[in-house]
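Some notes on the structure that comes next.
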Amino acid sequence: MSLEDLKKELEEIVEPSSVHTRDYDRNGCLLEIRAERSRLLSIAQAARDAGFFLEFITAVDFTEGPIAVYQFNECNAVSRIQVKVQLARGESLPSIGRVYDAALWYEREVFDLFGIRFDNHPDLRRLLLPEDADFHPLLKEYGKVHAFRSAREIYVDQDA
Amino acid sequence: MSTRTPETVTEHTFYLNLGPQHPSTHGVLRLFVKLDGEYVMEVDPIIGYGHRGHEKMAESHFYEQFLPNTPRMDYLSGMLFNHAYVAAVEKMTGIKPPPRAEYIRVVCAELNRVASHLMWLGAYLMDLGGVTPFFYAFDDRENILDILDRVSGSRLTYNYCRFGGVARDVDDTFIGATRDFIKRLRGRWKDYNNLVTKNVIFIHRTRDVGVIDKDIALRFGCTGPVLRAAGVPYDVRRVEPYSVYSELDFEIPTGVNGDALDRYMIRLREMEQSLRIIEQALDRLPGGPIRTPTPNKVRPPKGDYYFAAESARGALGYYIVSDGSEYPYRLKVRVPSYGNLQTLTEVLPGTLVADTICILGSIDIVVPEIDR
Amino acid sequence: MAVKKIAPGPRVHLAVLEEVLNLCRANSLWPMTFGLACCAIEMMATGASRFDLDRFGAAVFRPSPRQSDLMIVAGTISKKMAPTIVTLWEQMPAPKWCMAMGNCAISGGPFEFEGQYAIVPGADLLVPVDVYVPGCPPRPEGLIQGFLSLEDKITKGEKRNVIRRFKKRAGRNR
Amino acid sequence: MNAAWHYLVGTLGPDLARIILGLVGILVLVQLNAVFLVWLERKVAGHIQARLGPMEVGPHGILQTIVDGIKLVSKELITPRHVDRKLFVLAPIVVFLPAMVGLVVIPFSRHLQVRDLNVGLLLIFAFSSFNVLAILMGGWAANNKYSLMGAIRSVAQNVAYEIPLLLTVVSVLLWSDSLRMSSIVNSQAQVWNVVWMPVAALIFMICATAETNRAPFDIPEAESELVGGFHTEYSGMRFALFFLAEYSNIFIEAAVATTLFFGGWRGPLLPGVVWFFLKTYALIFVVMWVRWTFPRLRFDQLMNFCWKILIPAALIHLVVYAGILELVK
């Protein structure tokens, strides 16, 4: 199942306009998908069937709300896909722990550092910080950071 | 999966903390293990004891100021992390380092990979109870540390790469010492094989122990020797060649059934491949400058970038979101041991306590790398 | 936490006996295997063949705190790890010393920045530290010098550390 | 020396004098031997691992063990609150006693033997099983999960390895027809037992290593798995007693092996005592050499190795050897 087949399959799940091909030399990934949070589980299932593995899940905090970034890759060829989900402040995400076991810890870490809750995650507790910590450090309001921008300022070329 | 449903406790199971301070948890990892006698029923690795907040630090420091952090994440393959970070920023900003710098970086990175594997060999044998190989492995590793110390100034946390090249040039004594070291280490394979590989107790302790097959590796996102032991030849240097790896030829050793013995054999063969890479790189070392002039504060254009590299433990990646200023907006490090450690929750139930330590040692984790 | 009944100090204080005991304590410091981060690798390298700690009788790395009399805090102390360090310190039997190895254990080192939420800046906030070994990570020679200065501290002065200067080699122990 | 001996015999009578001198001799021997063995082990380990071992404390670190001992004496004895106090305090004492008693019957030379009992060998093995009892007491009393696991492992291991040990000893007794140690040594006048029974000697050495919890059988105090094994909770002099008992047990096992298989104090030129100590320390060196080269066996492999390989081998050896003896006698 090479990248093209997966791309066609993803275009059925998510409307084609939000699937952008990115130039590998500049951005390091071939395909970028701006998905809705409801589509996430089906995208993960499609990637899993195509034999991709989950590289990481993380989030980036913006003024409108965090963007969750999922990245999948294949073992035998360069075919890196990034899935970005724009969340409102305090919105939760469906957990893809059923599809990828690796997601369990990544989601716990994102919850720990960003405060994004994952519903029907079997064991959502803090991963890195001590259990009794009451703050989410990687949010931009916490501590001293250089800048707190909106997503549109950074993702200039696509419609954010 | 590590579900924590409190079911009725049968009388002979008890919880044991292979706690943060344990001789063979390679740092401060805590395995919360539920034991039935000697057999492990369920394991819940609790991490975070080595968390130092690297990613939060990146958001309030320049790109240059984050350089010393990179080797302190995985201090056993510090040069590899340093090289990957610098290559990532160079790709973002479009700076082209001179070919001599690229070759020097590859030589130092591969030397550091051999040092990391030697350190693993010593620590792993100590976990299995054999103390002497630790001292021989460290003896060889000290030679590498001398070579890298001569050129980068530090033994473990190398801050040697700069954006656009390397900090100091390499002289003949460095090249001579590296060639002598390669000859010496090649002579030592015989000792290691006699002492460890042909040791019947070692074979019995590691064959068919902690089998991680393709499916588990795919589900948990394992990379590096753990994945290659399952038979998948995935090595970022071969699949996505960066720096000058495309011009060097080397094989990717893979295993068959993914047990601890395969992971051991793979790491030995990988050391041999690294020596081959170093030799080729030294033969082709071009002259010329070692650094292209770069502005004091690098300002990569807006957008997000991902750069993948191969560290001693697997596929390492830097995901950097830049807002055009000299501070990274967000810097996420994709760390190989993260996925490798998670397989414990799947592989450990049903094994003996002695096997738990053996499997934990064979997947070769470094705790501050996982906790970042 | 098991509150330990602190026995009153020795009623009889024999200077000579105390000196002999200190001399023996200085020359057989058993450290506890307790590495947190990068400095742990340098501690192992000090125990390995080239910079052999065993020459000073100090390379018996005891795994359990009950049998060790020197705690080397080698690496970054995260807030999650702090209570464990204090428990380990209390589990160690009486004449015990602590060596803060590396900048992280001395003052938070390279990870001390404004807005740092995860680490304890310095081991002396948790346990009484006797010797500070600076470096990031300190070289094995630095750690051995830390050991020697701790030995001199235990025997209260270089001249009284008689055993180790058994051999009068010129130009040593300046 | 002679005058002092006669004065002692005069006042106390020959038998009592011999006992007192013997016991004093044993106490001195056990202490000196333990001190020497600990130093030897650290030096042998050092040189095997391409380093020097203790060097600073005295020439070549000879005083190192004495310094360690004095330091341990002056350490605080922690008795944690949740511990079973009586057993916790008793365990180190009980572990050290059998180490002394075993030396009573060992013939160091023709007439240098404290008491030549006619059940000498039986006494040694009877008391050497005390060791297991003490480890179990220590591990159980410490109320610590690691020491409990260490103690249970050591019971299973010692019980398992006692059987092949005794089976090989029986085949020696067939030749010497008596448990008396001196008669065993006399029976090897012409040829040492090891020449006759190399397999028995090998099995005996393996089981002796397992009996004294030495690597590759050091499962009870497996440092990399069970933190400190059964002596995790012990500090100060109590830990030192466990430490010294281990080395005394090694000395006894090696001494018994020399008497049974290597002809005790028999040797061509040198006096008996020198030969005896030479052979014993050679065996101890082999045990140390084995310790620093092999990784540790897993617990179930250890058990399978004993029950499925050693015991059948010892039994077969006994039957075969009894047959040969029948033809020879």
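Numbers restart at 1 for each chain; the letters A, B, ... are given by sequence-line order, proteins then strands. Keep in mind that what you see is a predicted model, and the values were worked out from it rather than measured.
Side-chain contact between B:Arg72 and C:Pro110 is present, with heavy atoms from C-beta onward closer than 4.5 Å.
Considering CD1 of B:Ile47 and OG of C:Ser78, their distance stands at 11.5 Å, rounded to 0.5 Å. Rounding to the nearest 0.5 Å places CE of C:Met32 at 5.0 Å from CD of B:Gln21. Atoms CZ and CG, on C:Arg139 and B:Leu145 in that order, are 9.0 Å from each other to the nearest 0.5 Å. Atom CD of C:Glu114 is separated from atom CE of B:Met57 by 12.5 Å, given to the nearest 0.5 angstrom. Remark: C:Arg50 CZ to B:Asn143 CG distance equals 6.0 Å, nearest 0.5 Å. Here B:Phe134 contributes atom CZ and C:Ser49 contributes atom OG; the two are 8.5 Å apart, rounded to the nearest 0.5 Å.
In this structure, chain B has heavy atoms under 4.5 Å from both the backbone and the side chain of C:Ala37. Using a 4.5 Å cut-off between heavy atoms, B:Phe138 contacts chain C through its side chain alone, with no backbone atom that close. Using a 4.5 Å cut-off between heavy atoms, C:Thr84 contacts chain B through its side chain alone, with no backbone atom that close. At a 4.5 Å heavy-atom cutoff, the contact between C:Phe51 and chain B is made by side-chain atoms alone. Using a 4.5 Å cut-off between heavy atoms, B:Pro68 makes no contact with chain C at all.
Of all the heavy atoms in C:Gly35 and B:Val28, the pair that sits closest is O-CG1, 4.2 Å. Counting all heavy atoms, side chain and backbone alike, C:Cys38 lies closest to B:Arg52 at SG-NH2, 3.9 Å. Across every non-hydrogen atom of C:Cys136 and B:Thr157, the tightest pair is O-OG1, 3.3 Å.
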Exercise for review: Run the numbers on B:Lys56 and C:Gln116 for side-chain contact (heavy atoms from CB on, under 4.5 Å), then give the verdict.
Suggested key: CA-CA 8 Å; B:Lys56 184 68 181 177; C:Gln116 169 60 275; over 6 Å; no
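When the shell of 6.0 Å around CD of C:Gln145 is examined, it contains 12 or fewer heavy atoms from other residues, nucleotides or ligands.
The residue among B:Gly48, B:Gly122, B:Ala123, B:Ala137 with the most heavy atom pairs within less than 4.5 Å of chain C is B:Gly48. Contact count versus chain B (heavy atoms, under 4.5 Å) is highest, among C:Ile41, C:Leu88, C:Leu36, C:Ile85, for C:Ile41. Considering only heavy-atom pairs separated by less than 4.5 Å from chain C, the leading option among B:Val366, B:Asn69, B:Asp149 is B:Asp149. In terms of non-hydrogen atom pairs under 4.5 Å with chain B, the most contact-rich of C:Gly108, C:Ala45, C:Ala40 is C:Ala45.
The aromatic rings of C:Tyr117 and B:His51 sit tilted, their planes meeting at an angle between 30° and 60°.
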